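Just so it is clear, the structure is predicted and the values come from calculations on it, not from any experiment. Order of the sequence lines fixes the chain letters, A, B, ..., with proteins taken first and strands second; residue numbering starts at 1 for each chain.
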Amino acid sequence: MSTSYIPPEFRWTNDTETCCRCKRCIKQCGWGALRWEHRVVADQQACVGCHRCEVFCPESCITVLPNPTFYRPNANWTLRHRKNVYRQAESGGVLLTGMGADQDFPVLFDSLFLDACQVTNPSIDPLREPMELRTYLGRKPEQVEVAVAADGRVSLKTPLAPNYQLAFPIIFSPMSYGSISLTAQKSLAMAAEALGILWNTGEGGLHEQVKPYAHCAVVQCASGRFGVNVEYLHAGAAVEIKIGQGAKPGIGGHLPGEKVTADVSTTRMIPLGSDAISPAPQHDIYSIEDLRQLIFALKEAVDYQKPVGVKIAAVHNVAAIASGIVRAGADYVYLDGVRGGTGAAPSVIRDNLGIPIELAIAAVDQRLREEGIRNQASLIAAGSIRSSADMAKAIALGADAVAIGTAALLSLGCTLCQKCYTGRCSWGITTQDPELTRRIDPVWGAERVANLVHAWAAELEEMLGAMGVNAVESLRGSRERLRAVGLDDRTLAILGVKPAGVGA
Amino acid sequence: MTTTEQVEADQQAGVVIDAAGLHYRDLNRRVRELVAAGETALTLRNVRGQRYIGDGLTGKDVRITIHGVPGGDLAAFMDGPTLEVFGNGQDAACNTMNDGRVIIHGHAGDALGYGMRGGSLFVRGDAGYRVGIHMKAYKTQIPAVVIGGCVGDFFGEYMAGGMLVVLGLDRKPGQRLVGGYLASGIHGGEIFLRATPDALPRAPYLSSEPVSADGLKALTPRLRAFADAFRLDADELLAGPFTRLTPISHRPFAAKYAPA
Amino acid sequence: MQGHTPFDLTARTLSGCGLSAMMSRRGHSVNGEAIIRSIGLLRERGNGLGGGFAVYGCYPHYAEEFAFHLMYYTPRAQEETERYLDEHFELVHEEHIPTRPVEGVDPSTAPALRRYFLHPKPLKLAESMLPTAEDYVLRAVMEINVRLDGAYVFSSGKNMGAFKAVGSADQVGRFYRLEEYQGYIWIAHDRFPTNTPGWWGGAHPFTLLDFAVVHNGEISSYGINKRYLEQFGYQCTLRTDTEVMAYLLDLLLRRHQLPVDVACTVMAAPFWRDIDALAERDPEKAELYRALRMVYAGALVNGPFAIVFGHRRGMVGLNDRIKLRPLVAAEKDDWVLLSSEESGILEMCPDPDRIWAPRGGEPTIVELDADVFPAVPSAVTRADFGPLAPQETTR
Ligand code: SF4
Ligand code: SF4
Ligand code: SF4
């Protein structure tokens, strides 16, 4: 390896006294950072700090710490900037990274506080009383017309467009087979089925092994059209046109040829080993009427039997864009904020383009209401939903449901080392190496992911109960139940939230 | 059309639908219903701008004859049927088509054959911008787009597989066979242009050479089918000259990125 | 009027309260004496900071005119409002609303009170492109309430009127001399606001066109109900969550033409698990309920409430779906009586034929008999969700 000017980021040590020399750590490391030379030796440069070895060491004798090497502090030329310059001087490349933005972005969720009932209206005990989280994804008419028969029997006259019934206002974000392992994807698929929610194929097609779970899958149609055919469209619960992603708005997806294994090539329906490129624009969509054309091409293909949604990155003009998308016929709009995750993205894009989801969801919900078209489409908020509290706040700002990606992967073991794009994930998540992917047993994985969703749902019920409502739709868009601390007036106005201290 | 052709066409007409004034949703619903009921020959008359004809339709033995100008996304997601258009085509025909044949007896618009994975699209006249983008091949499925006339810019962009052919028939003086930004981002498949290499633009990511015997072997059945469809002389077409363009790399952007 | 804070127009008053109502199915009229006494008995439930009444059938001489009741806090507000009314309506009659001095109603907080009997100028109505005179009136009420500072329309229906003030309800009734009015529906409300704006408009009932609503409890879903209504052009200006009830009723009953019981199903929706269970027995009905919940999610009224609302054809009592606020109903001949407490009923009618407590979410719908006023048949009842088991005492 040529000398790099960048000191190792992590410092791997083990306690040789207690080490039982089982060499398990060496096997566990997906990045090949450890080797045996009469004892375990670490290539400190290669360690990405994923902590797999540490967790699996039977003697708990491994310590992985940030390398204490310290440059002279400089608030302007931070360590990050200096390292990036060295890397680019060495490689001349666009710097890639994985997962969501790791910088100290303002997280507006953390400045928002939910309401609770005291005396004037009662809280509801979720242990005793019914609590309803059911959510329907899809287009709803503005009003219902009923027919009253001569005998007084009332029946529905308004035909309803296809809606997907979610047991919880949570779905899994798109993660393709290719970007994640089949075992990881199958974990999500099985969890979605058990939970009564949706998983999402991403732009990677539908592998044989997850076809049994297609009935609760959103099948994505992205610019690369990988794996998209009639059968695929019919198999899914909903069809999603991917325009953009929060971590890389305006930037395409790119699965390097070495990850296009035989199995991935079958699923994506492309030749073995060739790059799978999904560039930013869908080349048949250069404006909103083209989007309408594709939306209806898909609706025609599925004979209007399934919702067709559109996923976009939250960008500056998101409210107008979302309004256009709804008017173009989308049954839901999926908004992905700047903090959203990814398998691979240029870090300059990830860390600098787009806007936070809180503002996007607030602006879009308000805009759709002003235009009287809010009922025409559901809104999904994504882009770093880290807890049930983030979920509750996103819903109060106007989302029908949230999508989680990173949180779901964390429940499979991911430690956010951000090296997904290398395809060497020690946890078997973002890799295609069979040695690594078999580390996830989908039955085990599905249970962990389902546990997470159940736990968040229970917490949401607690929060709803404290707010004195027993159905999630009574929180949806109810910004009256939020108060903010430390936000400026313009931000408050966009969020439609009052400062804490202001009463009802 | 000659009288004999007209007679033949009428014999094959099958169920005739007068599309005049029909909304595409109604027209396509009827088509889907008829095909579901086992009908294999349909003729649509007075088609004007109705989109999505053949969208998502399956069945290898289904044959639909279209008189008029069908709207966008003709044969989108189609898997098997044959559509023959006596008129011009509009944009985005054969979008993500999986299998089947589309024959257009006139000109056609932009973004034809987007993400097409199988089957063939033959256009007798010229075609617009962004034709054959993201075309892919998969196992035995090798899609082919053959344009009788000339094409616009961004031809074969991001091409990942299959075959693109431009013949330049009835070329007007000064008309370019292909437009600018030819096949940028190409990482698979092959393009045959009826011209000599030196008459064509060069690009660092493209290998361009006179067609070899092997190349001609791949091209021949497609050209014969094309000639058949439009009653042209196949041998005359095959006489060329042809240039075959292929990507230099299957990984065109590999060097662009570095780990952070 | 209270000073303007940045959130003046969206802030609301929280309140508890008592309510009473009575109606004759035959359209027989009585004066306000009984209802004043009934609501007076419930005084413990209020705190002397707001009371009000709605009476139907009180303006037989102007039965076809819209009766506007206005509060003016400044002479300028009156001037501007009257200019606005002159411009948009044909005035048939106008006068002071008669009152008398009463202990407990502080004249220093009192606005000027006037009423106007009017209808839209036909040319203006045509120019407005609005579908009905009601929509035109609705827009005018919104405009006056939102734009004209210091002026409030607190009643705008035909042959009905709302009367309200700061004070105990029985005192308010005497203040407005309601024992001199006759009506076939009387609805009364005594209020316990948890803050004290001294603002007369904050008292119940809230009215819009023919709808009058009184409400006990607090709507925990206020935030979304308000935003939902804004999509349909309703501006919640009166700083209380009961206002949203009035607008929801107007939207569901008048604009969306839903039968009364269906509208109640929207506001106090059955639980999903009950709908799912119903789907086994009656899929068509279940589909209707499912559609109503999906489409009208923003109109679900969540949190404790008991409401009584009146409209020209009748009145309805409705509880929240888990019955967090009390409501008692009774019948005597052609009269139906509703009250927060049984005692309130006995004060109106000492010997009812039947007294019962309606189940949560189950509307008590009272309509004028068809020969008095042709009514729409309706059939959605809580019986769809299991055996009906009201706690019933027959006397
Ligand atoms: S497993 Fe992870 S933490 Fe351990 S050495 Fe390898 S990269 Fe470092
Ligand atoms: S896993 Fe732990 S005990 Fe085993 S060799 Fe590695 S450091 Fe030693
Ligand atoms: S998925 Fe794997 S590679 Fe990606 S951040 Fe998580 S642990 Fe690291």
Please state whether the side chain, the backbone, both or neither of B/Arg29 comes within less than 4.5 Å of a heavy atom of chain A.
->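 For B/Arg29, there is no contact with chain A at all, as no heavy atom is under 4.5 Å.
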So which part of B/Tyr24 gets closer than 4.5 Å to some heavy atom of chain A, the side chain, the backbone, both or neither?
->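 Both the backbone and the side chain of B/Tyr24 come within 4.5 Å of chain A.
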What pair of heavy atoms forms the shortest contact from [X] to [Y], and how long is it?
| X | Y | value |
| --- | --- | --- |
| B/Lys139 | A/Thr266 | NZ-CG2, 4.1 Å |
| B/Asp91 | A/Gln293 | O-NE2, 4.1 Å |
| B/Tyr257 | A/Pro346 | CE2-CG, 4.1 Å |
| A/Phe296 | B/Asp55 | O-OD2, 4.2 Å |
| A/Val230 | B/Gly56 | CG1-O, 3.5 Å |

Step through the shown structure and confirm whether more than 12 heavy atoms of other residues, nucleotides or ligands are within 6.0 Å of [atom1] on [X].
| X | atom1 | value |
| --- | --- | --- |
| B/His23 | NE2 | yes |
| B/Arg222 | CZ | yes |
| A/Phe105 | CZ | yes |
| A/Arg82 | CZ | yes |
| A/Glu231 | CD | no |
| A/His234 | NE2 | yes |
| B/Tyr181 | OH | no |

Proximity of residues 301-310 of chain A to chain B, residues having a non-hydrogen atom under 4.5 angstrom =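 At a heavy-atom separation under 4.5 Å, chain B is reached by A/Ala301, A/Asp303, A/Tyr304.
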Backbone of A/Ser223 reached by a side-chain donor or acceptor of B/Tyr114 within 3.5 Å |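 Yes: the side chain of B/Tyr114 pairs with the backbone of A/Ser223.
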Check whether any side-chain N or O of A/Arg225 sits under 3.5 Å from a backbone N or O of B/Met97 as a donor-acceptor pair, and report yes or no.
->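 A pair under 3.5 Å: no.
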What pairs with B/Asp153 under side-chain hydrogen bond (donor to acceptor under 3.5 Å, both in side chains), at least two apart in sequence or on another chain?
->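 Counting only residues at least two positions away or on another chain, B/Asp153 forms no side-chain hydrogen bond (donor to acceptor under 3.5 Å, both in side chains).
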Looking at [atom1] of [X] and [atom2] of [Y], how far apart are the two atoms once the value is rounded to the nearest 0.5 Å?
| X | Y | atom1 | atom2 | result |
| --- | --- | --- | --- | --- |
| B/Thr96 | A/Tyr232 | OG1 | OH | 11.0 Å |
| B/Thr58 | A/Asn229 | OG1 | CG | 11.0 Å |
| A/Glu300 | B/Arg32 | CD | CZ | 4.5 Å |

Would you mind telling me which of B/Gly161, B/Gly54, B/Gly72, B/Gly115 has the largest number of heavy-atom pairs within less than 4.5 Å of chain A?
->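 Answer, by heavy-atom pair count under 4.5 Å with chain A: B/Gly72.
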Using a cut-off of under 4.5 Å on heavy-atom pairs, state which of B/Gly185, B/Ala137, B/Gly188, B/Ala160 scores highest against chain A.
-> B/Ala137
Answer yes or no: is there a side-chain heavy-atom contact under 4.5 Å between B/Lys136 and A/Met269?
->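 B/Lys136 does not reach A/Met269 side chain to side chain.
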What part of A/Lys83 lies closer than 4.5 angstrom to a heavy atom of chain B: side chain, backbone, both or neither?
->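 Contact with chain B: none, neither part.
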What part of A/Ser265 is in contact with chain B, defined as an atom under 4.5 angstrom from a non-hydrogen atom: side chain, backbone, both or neither?
-> backbone
With chain B, which of A/Asn84, A/Thr97, A/Leu233, A/Ile6 has the greatest number of heavy-atom pairs at distances under 4.5 Å?
->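 Option with the greatest count: A/Leu233.
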